[in-house]
Amino acid sequence: KGIATVQGERLIRHLRDGRHMALLVDSAPQLLLTFWIHGQEALAAMSFVALGTRALAFCPAKRIPQLLLSLISFFSYTLTRNEFLAKLLSNVPPRAATSGDAAEFSEQRWVPVSLLGPDEEPKLAWVMTPHRGVAILKDHGDASEITVTSDPNESFWELLLETSTRLAEEQHS
């Protein structure tokens with residue numbers, strides 16, 4: 001009842017005219033993210049279902065992917081070259097991947113990929129899964145161990161872009 005404030009009008013516009021999108025994160029406790037996108041801005045509502053807590057905020061619509069990526073659990077673990085080959089050849093999950101997303105990632109079938117430089121040596125290597133995305137492979141100079149990592153500070157897409165750009169520039173130098 002009464003006249004809505006400027007903030008109230010903004011809220012009403014998003015709820016009435018915005019495109020609705022919701023995401024349920026099956027975590028402990030469960031998190032429900034709901035967005036109403038109106039133009040370049042989004043109204044975001046976050047609810048921790050079991051705790052009964054909620055938050056409401058406006059954000060630029062282009063920030064939604066960043067918010068969603070922040071919900072991904074990141075992992076890093078090291079396995080022997082033999083465990084790596086067993087995973088690729090027989091789909092045997094590495095013993096080092098024991099928790100959360102690392103275990104889920106390791107249960108998936110892996111497809112190895114390498115970006116080769118002009119010397120035909122791998123400049124960036126990664127494994128892809130059907131449902132759990134991509135993890136970078138790092139060889140620390142010795143042939144016995146490989147680190148599998150999904151790290152927000154070393155985003156796969158940024159590393160791929162940076163490495164391929166550098167290789168392209170080196171070719172033209």
Side-chain angles (χ1 to χ4, degrees), residues 19-35 37 40 42 44 46 48-49 57 59-173:
R19 286 176 289 131
H20 180 259
M21 178 172 59
L23 174 75
L24 179 63
V25 180
D26 193 15
S27 59
Q30 279 189 327
L31 170 65
L32 177 64
L33 286 171
T34 307
F35 299 98
I37 303 164
Q40 301 297 314
M46 293 189 283
F48 287 98
V49 180
C59 69
K62 66 182 180 181
R63 292 287 196 181
I64 292 173
Q66 183 180 14
L67 179 60
L68 296 177
L69 284 173
S70 72
L71 298 172
I72 297 172
S73 295
F74 295 96
F75 57 86
S76 181
Y77 58 90
T78 301
L79 61 154
T80 66
R81 178 90 42 192
N82 288 340
E83 287 176 306
F84 180 71
L85 291 173
K87 174 62 183 165
L88 293 180
L89 298 174
S90 303
N91 203 27
V92 176
R95 291 186 310 259
T98 58
S99 64
D101 276 1
E104 292 290 331
F105 182 86
S106 294
E107 291 290 327
Q108 295 282 308
R109 183 179 54 82
W110 288 1
V111 176
V113 183
S114 293
L115 179 63
L116 302 178
D119 58 0
E120 297 191 18
E121 290 295 318
K123 302 303 177 190
L124 183 64
W126 64 93
V127 288
M128 300 184 309
T129 65
H131 305 291
R132 287 292 179 162
V134 174
I136 298 165
L137 301 175
K138 294 182 181 180
D139 184 339
H140 298 285
D142 70 1
S144 64
E145 292 186 334
I146 297 171
T147 299
V148 179
T149 186
S150 170
D151 182 348
N153 297 319
E154 290 186 313
S155 160
F156 167 71
W157 298 108
E158 288 176 13
L159 285 174
L160 181 60
L161 181 61
E162 177 185 301
T163 305
S164 59
T165 301
R166 183 175 38 81
L167 288 172
E169 289 171 353
E170 287 174 2
Q171 286 286 5
H172 297 293
S173 301

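Predicted, not measured: the structure shown is a model, and the values here were computed from it.
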Compare all side-chain heavy atoms of [X] with those of [Y] and state whether any distance is below 4.5 angstrom.
X: Leu159; Y: Trp126; value: no
X: Phe105; Y: Ser150; value: no
X: Asp139; Y: Phe84; value: no
X: Glu170; Y: Leu167; value: yes
X: Ile64; Y: Ile37; value: yes

Between Lys87 and Glu83, does any side-chain N to carboxylate O distance fall below 4.0 Å? no

Can you name the closest pair of heavy atoms from Ser114 and Ala125 and give their distance? OG-CB, 3.8 Å

Of the non-hydrogen atoms in Gln108 and Pro130, which two are nearest, and what is the gap between them? OE1-CD, 3.4 Å

Return the [atom1] to [atom2] distance between [X] and [Y], rounded to the nearest 0.5 Å.
X: Trp110; Y: Thr129; atom1: CH2; atom2: OG1; value: 9.5 Å
X: Leu79; Y: Leu85; atom1: CG; atom2: CG; value: 9.5 Å
X: Phe35; Y: Arg63; atom1: CZ; atom2: CZ; value: 13.0 Å
X: Thr34; Y: Met21; atom1: OG1; atom2: CE; value: 9.5 Å
X: Met46; Y: Leu32; atom1: CE; atom2: CG; value: 11.0 Å

Considering residues at least two apart in sequence or located in another chain, which fulfil the side chain to side chain donor-acceptor pair (under 3.5 Å) criterion with Arg19? none

Taking side chain to side chain contact (heavy atoms under 4.5 Å, CB included) as the test, write out the residues that go with Thr78, two or more places apart. Glu145, Thr147

Option passing side-chain contact (heavy atoms from CB on, under 4.5 Å) with Leu137 (candidates Thr149, Ile146, Leu124): Ile146

Give a yes or no answer on whether the side chain of Thr163 reaches the backbone of Leu160 with a donor-acceptor pair at less than 3.5 Å. no

